[in-house]
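Let me begin by presenting the structure, written as structure tokens, before commenting on it.
We number each residue from 1, following the sequence as shown.
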Amino acid sequence: MSHRVNDDSSSTWETTPSSGDGPAEPTTRFSTSGSRSSSSSSSYEGRSSYDEDGAPRFSKKKAKKKQPFWKELLVIFSVALLLTVVIQTFVARVFVIPSASMETTLHGCTGCVNDKVLVEKITYLFNDPRPGDVIVFRGPPNWTGGKEPPNFVVGTLQDLGSMVNLSEPSGTDFIKRVIAVGGQTVECCDDQGRVMVDGKPLDEPYLNFGGGPRQQDAFEKVTVPAGKLWVMGDNRNNSSDSRKHGDPTPADGAIPVDNVVGKARVIVIPVGRWGGISDFNPQTGGK
């Protein structure tokens with residue numbers, strides 16, 4: 001007698017009695033249709049992982065072709081230019097001082113090496129300029145004689161060229177010290193020749209009178225409009241500043257806060273003049 005049991009794997013189990021006399025000695029046979037009996041002799045056709053001597057075989061990748069030097073140089077130059085533009089637009093920028101109006105705090109005199117200063121832009125993203133800050137700003141039309149500033153690309157290239165003396169500065173950016181802010185009244189002068197703000201004389205240790213008497217050019221009393229700044233040069237009698245550009249009214253000499261590019265922090269060139277730029281507050285005695 002035989003019994004066959006089929007499961008999902010199509011396995012078969014059979015028992016067959018032996019022939020002849022005497023007790024039956026069953027012979028058992030088990031088979032599976034999906035068996036892997038031949039796995040011991042299987043091989044990957046056409047893709048053996050081993051060489052004939054039994055050593056493993058490794059695939060060899062084709063070496064990557066090296067880029068020409070000029071392409072690598074172009075990539076480096078492009079990345080450097082991009083970083084320069086981003087940094088100068090949002091973080092800091094180097095400016096050349098082309099005049100003597102900030103002597104001796106900054107050198108910009110004829111016949112000497114003009115100072116190149118690092119102007120930081122982050123501070124004024126969170127705070128407005130305050131008295132004593134030395135700032136770089138875009139001159140409004142009554143400061144530039146109607147001259148328009150160059151577009152961003154031309155201006156950037158022009159500024160980079162001026163840093164290495166290959167071109168002149170744009171002529172529409174200025175650097176001065178903040179003397180008073182919107183709402184304050186400025187006038188000149190008390191009996192000691194000091195500018196007064198809101199009726200109080202300023203303490204200005206940075207002033208330069210060229211060795212002459214401490215006497216300043218008089219100007220009309222003016223109240224600084226809201227959102228504007230009254231700026232003057234440290235070389236007080238040799239500076240074309242808010243006193244000189246009051247057209248059509250004296251208050252028009254003040255410059256808009258929105259025109260401020262950034263705060264002058266450090267003299268970077270010439271090397272012999274490396275150092276920070278004082279932001280001594282003249283209204284509070286530096287406090």
#### Entry: Shortest non-hydrogen contact from Glu220 toward Pro250
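Nearest heavy atoms, Glu220 then Pro250: OE1-CG, 3.5 Å.
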
### Query
Which heavy atom of Gly193 sits nearest a heavy atom of Gln216, and at what distance?
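Minimum heavy-atom contact is O-NE2, 3.0 Å.
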
### Query
Knowing that exactly one of Arg194, Arg214, Arg177, Arg236 qualifies, which makes a salt bridge (charged side-chain N to carboxylate O under 4.0 Å, His left out) with Glu204?
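Testing Glu204 for a salt bridge (charged side-chain N to carboxylate O under 4.0 Å, His left out) against Arg194, Arg214, Arg177, Arg236 leaves exactly one candidate, Arg236.
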
Report yes if some heavy atom in the side chain of [X] is under 4.5 Å from a heavy atom in the side chain of [Y]; otherwise report no.
X	Y	result
Val181	Asp128	no
Val261	Lys121	yes
Ile255	Lys228	no
Ile175	Val119	no
Met102	His107	no
Asp252	Asp247	no
Val266	Ile277	no

For [X] and [Y], does a side-chain donor sit closer than 3.5 Å to a side-chain acceptor?
X	Y	answer
Lys176	Ser101	yes
Thr223	Thr185	yes
Thr104	Asn208	no
Arg265	Thr123	yes

### Query
Linking Ile, Leu, Val, Met, Phe, Trp and Tyr through side-chain heavy atoms less than 4.5 Å apart, which residues share a cluster with Val186?
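Direct or chained contacts put Val186 with Ile179, Val195, Val197, Leu202, Tyr206, Leu207, Phe209, Phe219, Val222, Val224, Trp230, Met232, Phe280.
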
#### Entry: CA sep, side-chain torsions, deciding dist, call: Asp198, Lys200, salt bridge (charged side-chain N to carboxylate O under 4.0 Å, His left out)
CA-CA 6 Å; Asp198 292 339; Lys200 298 179 180 180; over 6 Å; no

#### Entry: Donor-acceptor contact below 3.5 Å, side chain Asn259 vs main chain Arg138
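Looks like yes, one N/O pair under 3.5 Å.
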
### Task
Look only at the side chain of Asp133 and the backbone of Ile135, and say whether a donor-acceptor pair between them is shorter than 3.5 Å.
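Side chain of Asp133 to backbone of Ile135, a donor-acceptor pair under 3.5 Å: no, none is there.
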
### Task
Determine, for Lys263 against Asp279, whether the closest basic-nitrogen to carboxylate-oxygen distance falls under 4.0 angstrom.
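A salt bridge is present here (some side-chain N lies under 4.0 Å from a carboxylate O).
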
### Message
Parallel, tilted or perpendicular, judged at 30° and 60°: which one describes the rings of Phe174 and Phe137?
### Response
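Geometry flag for Phe137 against Phe174: parallel rings.
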
